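I have placed the structure first, in the form of structure tokens, so that the comments after it can refer back to it.
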Amino acid sequence: MDEKKVMLSGIQPSGDLHLGNYLGPLRHWPEMIEEFDCYFFLADLHTITVRQDPAQLRRRVLTLLAQYIACGLDPERCTLFIQSHVPAHAQLGWVLDCYTMFGELSRMTQFKDKAAKHKDNINAGLFTYPALMAADILLYQPDFVPVGEDQKQHVEICRDIAERFNGIYGDVFKVPAPHIPKVGARIMSLNDPTSKMSKSNLEGCVILMDKPEDIMRKFKRAITDSDTERCVRYAPQEKPGVSNLVQIYATVTGKSFEEIEAEFDGKGYGAFKPAVGEAVAETLRPIREETERLLADKAYLENVYKTGAEKASYVANKTLRKVYKKVGFVPR
Ligand code: TYM
């Protein structure tokens, strides 16, 4: 029998999980469990590149773990773990730092954005973040890495680092491909459709734990476009606000852009915005309820992350040993 292909992805517990995280990558993960050998982790090491409140970080990690499971990631059928529980990430991260060039790190869009946003804390970790992310990926030898559009550049630099390393030492790493969904890869902010939905702008951001009334309020206030035609149409260049809502509605209902345009033909934005809000609220309701239920069962969550760390460490340490041997470290 053919071996299953491997896939891996992660999310930072740096804020509440939002609709962009869900509609971009996360919503596709449960169906991948059927077909692939899957690793999903919580990227807490990455999170401290920006200052965090320790108690809040601990709480967010557990909430995100509960949300992974509530979204359909069955811990019996995939490996769910917390990055800091598997020291091989930091260990391989250091090695890869030494095979990653200053120039290529300087070109990373996320570094430039975050450095501009956190001028008082442009730390070395923020700069070398992509080498740690490459370690996260390469430890598990995945075939592909499903992410949203904004992480594509990081998966590409990971490929470059892997190819550079393999070029020196032979085939140590599998070179993974990014996997970007066709619809939903870049969900925009509801109050500023020119920038992506993100944890740093809460009014434009729907979080998975939002109550239905908050979701409805955010969608009713969503910025649409000031064009005169006021018809619901997917045209991202001309109508970025409405197109973002069409994209969201398409992903949660499974309808095509054409079907949506026909459904709201002649109805205008006033009918469309609450319809999107309702569809999103209905999609998120069971996830929120299941997350709340799981959060009340700390013993279960602890068991999930302990088992996950063991399974992940076994695979990660195998790759790390191979790398240490290749670069010339004396085995203990
Ligand atoms: P993070 O935590 O910022 O985002 C998690 C995932 O959500 C996607 N995403 C979006 N997709 C669509 N629309 C949006 N507005 C939107 N915002 C975020 C991201 O592309 C990502 O897939 N560096 C990563 C975490 C990470 C990782 C890894 C991912 C660390 N190591 C290894 C994959 C493999 C990050 O900060 O994602």
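Since this is a predicted model, take the numbers as computed values, not measurements.
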Output all residues satisfying side chain to side chain donor-acceptor pair (under 3.5 Å) with Glu310, sequence neighbours left out; order by chain, then residue number. none
Just how far is it from atom CZ of Phe81 to atom CG of Leu65, taken to the nearest 0.5 Å? 12.0 Å
Going by the angle between their ring planes, with limits at 30° and 60°, are Phe272 and Phe264 parallel, tilted or perpendicular? perpendicular
Sub-3.5 Å donor-acceptor pair from the side chain of Lys4 to the main-chain atoms of Cys38, do we have one? no
Determine whether more than 12 heavy atoms belonging to other residues, nucleotides or ligands lie under 6.0 Å from atom NZ of Lys211. no
Pair listing, side chain to side chain donor-acceptor pair (under 3.5 Å) test, anchored in residues 155-168, at least two apart: Glu104-Arg164
Taking atom NZ of Lys152 as the centre, does the number of heavy atoms from other residues, nucleotides or ligands within less than 6.0 Å exceed 12? no
Which pairs, with at least one residue in residues 92-102 and sequence neighbours excluded, count as a side chain to side chain donor-acceptor pair (under 3.5 Å)? Tyr99-Tyr169
For the residue pair Phe41 and His89, categorise the inter-ring angle as parallel (less than 30°), tilted (30 to 60°) or perpendicular (more than 60°). tilted
Sequence neighbours excluded, which residues qualify as salt bridge (Lys or Arg N to Asp or Glu O under 4.0 Å) partners of Arg230? none
Compute whether any side-chain donor of one residue and acceptor of the other, for Gln151 and Gln110, lie under 3.5 angstrom apart. yes
Just grab all the side chain to side chain donor-acceptor pair (under 3.5 Å) pairs involving residues 317-332, residues at least two apart or on different chains. none
Apply the test side-chain contact (heavy atoms from CB on, under 4.5 Å) to residues Tyr22 and Leu284: give CA-CA distance (whole Å), side-chain angles for both, the deciding distance (0.1 Å), then the verdict. CA-CA 10 Å; Tyr22 179 66; Leu284 298 188; 4.3 Å; yes
Could you give the side-chain donor-acceptor pairs of residues 177-188 under 3.5 Å, partners two or more places apart or in another chain?
none

